[in-house]
Structure formats: structure tokens, C-alpha cells
Number of protein chains: 2
Amino acid sequence: MIFIARQKRKGTDVKSHKDAYQLIVDAIDAGVYAPGDRLVESELADRFRVSRTPIREALQRLETQSMLTRDGRSLIVASLDHNQLAELYEVRAELEGLAAQLAAQHATHEEIHVLYDMIASDRKIIDDPNRLSRANRRFHNQIHLASRNRYLIRQLEMVHRSMALLTSTSLAVDGRGEMALNEHEDIVKAIELRDGEAANKALKKHLSFAFETRLKIDAGEV
Amino acid sequence: MIFIARQKRKGTDVKSHKDAYQLIVDAIDAGVYAPGDRLVESELADRFRVSRTPIREALQRLETQSMLTRDGRSLIVASLDHNQLAELYEVRAELEGLAAQLAAQHATHEEIHVLYDMIASDRKIIDDPNRLSRANRRFHNQIHLASRNRYLIRQLEMVHRSMALLTSTSLAVDGRGEMALNEHEDIVKAIELRDGEAANKALKKHLSFAFETRLKIDAGEV
DNA sequence: GCGTCTAGAGTTGTATCCATAATATCTGAA
DNA sequence: TTCAGATATTATGGATACAACTCTAGACGC
């Protein structure tokens with residue numbers, strides 16, 4: 001009985017309102033809508049075979065998360081100019097640094113073990129930038145969770161959602177993958193030693209390198 | 001012409017969608033709906049004389065900002081338990097500290113002057129906790145703006161919105177107002193000296209005291 | 001030929017309707 | 001008296017209809 005109810009519930013949820021949201025996010029991720037593109041409600045409604053109501057709700061959610069911005073009356077996919085990118089990295093470094101620091105305090109042995117395992121298995125896909133990028137996200141997410149701070153986790157989710165607007169991954173640059181994994185190792189070591197400050201610094205340094213790499217990409221150097 | 005257009009624009013914005021959202025936020029601020037209360041769409045629609053559609057959109061926005069949480073199918077005003085409060089302050093201290101640090105780098109002389117002016121005029125309302133609380137918010141907001149980081153400003157807006165769920169103000173405690181203004185002065189001095197690190201520390205310390213005060217309030221000590 | 005005004009198309013915002021799911025109440029039986 | 005089941009009421013989610021506003025294109029006047 002309960003089982004049936006939950007099945008049904010899940011069914012409606014997927015079909016109903018989380019869906020439109022996720023469908024739009026996926027479409028943006030897949031590059032169907034690029035930064036700067038205008039999102040027309042009726043078009044999205046047609047594409048996803050739902051009415052405008054759930055679409056509107058999804059769009060509003062995305063707007064509050066600054067994945068979309070208003071251009072006059074209509075909504076466009078947000079794009080990050082140079083300044084915004086710098087601002088985003090500044091906030092991200094601070095929040096991720098805090099997460100690492102807290103993780104050093106709260107991570108269980110099992111969590112630390114999982115982090116080491118992740119690095120080990122990531123070394124095997126070091127030549128596949130896309131898979132490595134997803135693995136990188138899981139790694140950082142694991143640290144967020146270890147912080148035991150739900151607010152922080154939420155805020156970092158938002159930051160990463162904004163980062164999703166960036167098409168390329170800095171891990172595609174030659175040698176960056178290897179470097180990033182070594183930096184990951186430094187971070188986990190600091191967490192294992194329960195040295196919050198070192199973990200904070202290590203993560204900030206890691207993001208600093210990542211930001212530098214991205215700047216080089218944008219400058220067309222690579 | 002441009003002027004007229006902007007007037008019209010402003011008119012629609014205010015009348016249309018920001019409205020329901022702001023009305024609900026105000027109602028929560030005013031204590032019409034307390035944490036834990038259930039928000040019924042049709043009731044809100046009646047109260048604000050609009051249809052359920054804008055209400056629904058506003059509620060979704062508020063949910064994504066975690067001012068509301070789901071209880072089964074319906075939405076209730078979020079409440080902060082002890083742990084959540086601690087988590088919130090942890091994140092807030094980090095972000096506000098960053099804002100102060102950046103403000104030390106970017107604030108113009110005029111902005112610094114305004115901050116000093118604010119402290120001076122706040123001393124005149126030191127015995128009116130409610131007015132002082134609003135003034136306090138303006139002060140912090142001014143520092144956020146001086147950081148010149150729009151992402152940070154947005155994130156801090158969210159944090160403060162969550163703080164709005166706390167009914168009482170820690171500034172009502174005897175002597176806390178005086179103390180807080182002195183701490184404000186320390187912060188602005190550090191900003192004036194362009195000492196980012198000192199500004200960061202001063203703001204973190206300020207929030208640390210505020211948090212302590214709140215804990216005492218919640219513990220019923222005051 | 002250029003500028004302005006008007007008309008129309010398209011898009012967003014609001015209201016209402018309908019269906020489904022959840023909850024509460026009432027009744028009957030143990 | 002209490003528990004269980006059924007029914008009725010109520011709230012939410014989705015669809016559609018309607019209104020208001022904006023932007024563009026075309027025509028007319030200067």
C-alpha cells in the first residue's frame with residue numbers, strides 16, 4: 001500500500017514539476033540553448049509537451065538561481081562575462097575553502113577513504129576530459145557533504161549551477177588533469193590530518209590554478 | 001522618452017510579479033505567518049486580491065530560497081533549529097568577511113564617508129531596537145555593495161532573507177546596540193585603512209558576538 | 001527621404017477551470 | 001470506547017482562455 005503510494009508519488013513528481021525544471025536544465029547543459037539565447041515559454045511548452053504553467057514555474061526557479069536573467073520582459077540564458085567569472089570564482093573559492101575546512105573537522109574515516117578512492121579511480125580516466133570533469137564535480141561534492149553544513153551545501157550547489165553555464169572544462173588543457181588530481185590529493189591529506197586551515201588553503205590554491213587555466217583558455221592561449 | 005519608458009517599465013515590474021513575492025515576504029516579516037505555519041495558496045490569493053497563479057510562482061521562488069519548505073505536499077514557513085542557525089552563521093560570517101575584505105579594496109571615499117555617517121546617525125536611535133535593526137541591515141548592505149562583487153551581493157541577500165525568519169533582533173539586548181556600533185566602527189576603520197584582512201576579521205568578530213547574543217536569547221538567559 | 005504614428009503580431013502576465021491526491025470526518029462494528 | 005473504512009471536502013498541479021504590453025513593420029505626412 002505504502003509502496004504503491006510512493007510509486008505513484010514518484011510518478012507524479014517526475015512527471016510534474018521537477019520535470020520541467022530538470023528538462024530545461026538538461027537542455028541548457030546539452031547546448032540546445034546557449035548563453036544569451038532567449039527562452040520563449042510557449043516554445044518550451046511545445047518542446048516538452050506540457051502547458052506553460054510548469055514551464056513558468058521552472059523558469060522562475062532558474063531565474064532565482066541566476067541561471068537565467070531578464071532582458072526586458074523576457075528571460076535569456078545567463079552568460080558570464082569576464083568580470084562575472086572573476087566574481088564567481090572569488091565567492092566560490094571562499095565557500096569551497098570553508099567547506100574543506102569544515103570537512104577537516106567533520107569528515108568520517110569512511111568519507112576520507114572514499115575521497116582517496118575517488119582520486120585513485122580518477123587517475124584512470126585522466127585522458128578523458130569530460131568524464132574527468134564529471135568525476136571532479138563528484139569529488140568536490142563529496143567534500144561539500146563532509147562539511148556537515150546544509151546551508152553551505154545549498155550555496156555551493158548554486159555556485160556550481162552557475163558554473164554549468166561555462167561550456168568548456170579547464171581539465172581539457174594538457175597536463176591540467178594530472179595537476180588537478182595532485183591538488184586533490186593535497187586537499188584530502190590536509191583533511192585526513194584534521195588540519196582545517198591547510199585544507200582551506202589547499203582548496204583555494206586548487207581553485208586559483210583552475211581559474212588561471214580558464215583565463216588562459218578564454219584568452220585563446222591554449 | 002526614455003524616461004517615460006522606464007516609468008512604464010517600473011510600473012509593470014512593481015505591479016506584476018515582484019509584487020506577490022514581496023507581499024508574502026513582507027507578511028512573513030510582519031509576523032503574519034510564523035515559522036511552521038502552513039501557507040495555503042487560495043488563502044494568500046484572497047488576502048492579496050490576486051489569483052493563485054502569481055502566488056504559486058512567488059511560493060516556488062521562496063521555496064528555492066529555502067524561506068519555505070515542503071511538508072508533504074504543502075508549503076510551510078521554514079524555521080531554523082539550533083543546528084541550522086549555527087550553520088547559517090558559519091556561512092554568513094565567511095561571506096560577510098569576504099565582503100568586508102573586498103570593500104577594503106574597492107570602497108570609494110564617498111562610500112566610506114557614508115558608512116561613518118550611518119554609524120553616527122545610528123547612535124541617535126540606539127534605544128529603539130527595531131529601528132536600529134533596520135539601520136543595521138542597511139549598514140551591512142552598504143558594505144556588501146562596496147565589495148563590487150555581484151555574486152557575493154546576491155548570495156548575501158539570500159542569507160539575509162533566511163535570517164528574516166528569526167523573529168527577534170539581538171540588538172534588543174541591553175548594551176548590545178552600543179557594542180555593535182563600536183564594532184561597526186572598527187570595521188569601517190579597517191576599510192578606510194585599506195586593510196582587507198583586518199576588515200575581514202573585524203566583521204567576523206562582529207558576527208561572532210551577534211551569534212553569541214542570539215544564543216543567549218534562545219537559551220532564555222536574557 | 002526621413003521621421004513619426006498607428007496597427008498588428010507575438011509574448012508575457014493573470015484568472016479560472018478541471019483533475020487528482022490527501023486529509024479529515026463520520027459512521028458502523030467489534 | 002476505539003478503530004477501521006468509506007466518503008466528502010479541500011488543496012495542489014496542470015491546462016487553457018483572456019488581457020495587457022511591447023516591439024516591429026508599414027504607411028502617411030512633413
Side-chain angles (χ1 to χ4, degrees), chain A residues 1-25 27 32-33 36-64 66-78, chain B residues 1-25 27 32-33 36-64 66-78:
Chain A
M1 197 103 105
I2 287 168
F3 179 72
I4 292 173
R6 292 189 62 183
Q7 279 294 81
K8 267 190 160 178
R9 176 74 168 291
K10 193 177 175 190
T12 29
D13 270 354
V14 168
K15 172 78 188 169
S16 67
H17 89 109
K18 197 120 197 181
D19 210 22
Y21 175 83
Q22 200 55 50
L23 283 170
I24 295 170
V25 171
V32 179
Y33 300 101
D37 284 2
R38 185 173 167 198
L39 293 183
V40 178
E41 292 174 3
S42 49
E43 190 201 326
L44 290 163
D46 279 353
R47 175 187 292 270
F48 300 130
R49 305 305 194 93
V50 291
S51 78
R52 276 179 52 217
T53 310
I55 297 289
R56 283 178 64 87
E57 287 165 358
L59 291 179
Q60 300 233 1
R61 288 175 100 100
L62 289 167
E63 189 195 351
T64 61
S66 45
M67 288 236 356
L68 306 177
T69 55
R70 290 213 169 262
D71 173 35
R73 208 158 136 120
S74 54
L75 287 166
I76 61 174
V77 180
Chain B
M1 196 100 107
I2 287 168
F3 178 72
I4 292 173
R6 291 189 61 185
Q7 279 294 83
K8 266 191 159 177
R9 174 74 168 291
K10 193 178 174 190
T12 32
D13 272 354
V14 168
K15 173 76 190 169
S16 66
H17 89 110
K18 197 124 198 178
D19 215 17
Y21 174 84
Q22 199 58 49
L23 284 169
I24 295 171
V25 172
V32 179
Y33 299 102
D37 283 2
R38 184 173 169 199
L39 293 183
V40 178
E41 292 175 3
S42 49
E43 191 200 325
L44 291 163
D46 280 351
R47 174 187 294 270
F48 300 129
R49 305 307 193 91
V50 291
S51 78
R52 274 179 54 217
T53 311
I55 298 289
R56 283 170 62 178
E57 287 165 359
L59 291 179
Q60 299 236 0
R61 288 176 97 102
L62 288 166
E63 190 196 350
T64 61
S66 47
M67 288 233 1
L68 306 177
T69 54
R70 291 212 167 264
D71 173 36
R73 202 161 138 122
S74 55
L75 288 166
I76 61 174
V77 180

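Residue numbers start from 1 in every chain, and the chains themselves are labelled A, B, ... in the order their sequence lines are given, proteins ahead of strands.
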Between D:dC18 (P) and A:R56 (CZ): distance, integer Å: 18 Å

Would you mind reading off the distance between A:R52 atom CZ and D:dA15 atom C1', rounded to a whole angstrom? 11 Å

Nearest whole angstrom, please: distance from the C1' of C:dA21 to the CZ of B:R73. 5 Å

Could you check how far CD1 of A:I55 sits from C1' of C:dT12, rounded to whole Å? 14 Å

Length of the line joining B:D71:CG and C:dA21:C1', which is rounded to integer Å: 15 Å

Answer yes or no: side-chain N or O of A:T53 and base N or O of D:dA15 forming a donor-acceptor pair under 3.5 Å. yes

Taking all non-hydrogen atoms of both residues, which atom of B:R73 and which atom of B:R70 are closest, and how far apart? O-NH1, 2.8 Å

Reading DNA chain D from 5' onward, which residue's closest nucleotide shows up sooner: B:L75 or A:S51? B:L75

Interatomic distance, A:T64 atom OG1 to B:E63 atom CD [nearest 0.5 angstrom]: 10.0 Å

Protein-nucleotide distance (A:F48, atom CZ; D:dA15, atom P), rounded to Å: 14 Å

Nearest 0.5 Å please: distance from the CG atom of A:D46 over to the CD1 atom of A:I55. 9.5 Å

For the residue pair B:A58 and B:I24, what are the closest heavy atoms and their distance? CB-CD1, 3.8 Å

From the list D:dT12, D:dA15, C:dT14, which nucleotide is the closest neighbour of the side chain of B:P54? C:dT14

With a 4.0 Å heavy-atom cut-off, tell me which residues in residues 38-46 of chain A come close to DNA chain D, sorted by residue number. none

Who passes salt bridge (charged side-chain N to carboxylate O under 4.0 Å, His left out) against A:R56, sequence neighbours left out? A:E41, B:E57

Least distance between heavy atoms, A:L39 atom then A:L68 atom: CD1-CD2, 3.6 Å

Atom CZ of A:R70 and atom P of C:dT11 are separated, to the nearest Å, by 15 Å

A:L59 atom CG is separated from D:dG14 atom P, nearest whole Å, by 14 Å

Correct closest heavy-atom pair for A:Y33 and A:L44 would be OH-CD2, 3.5 Å

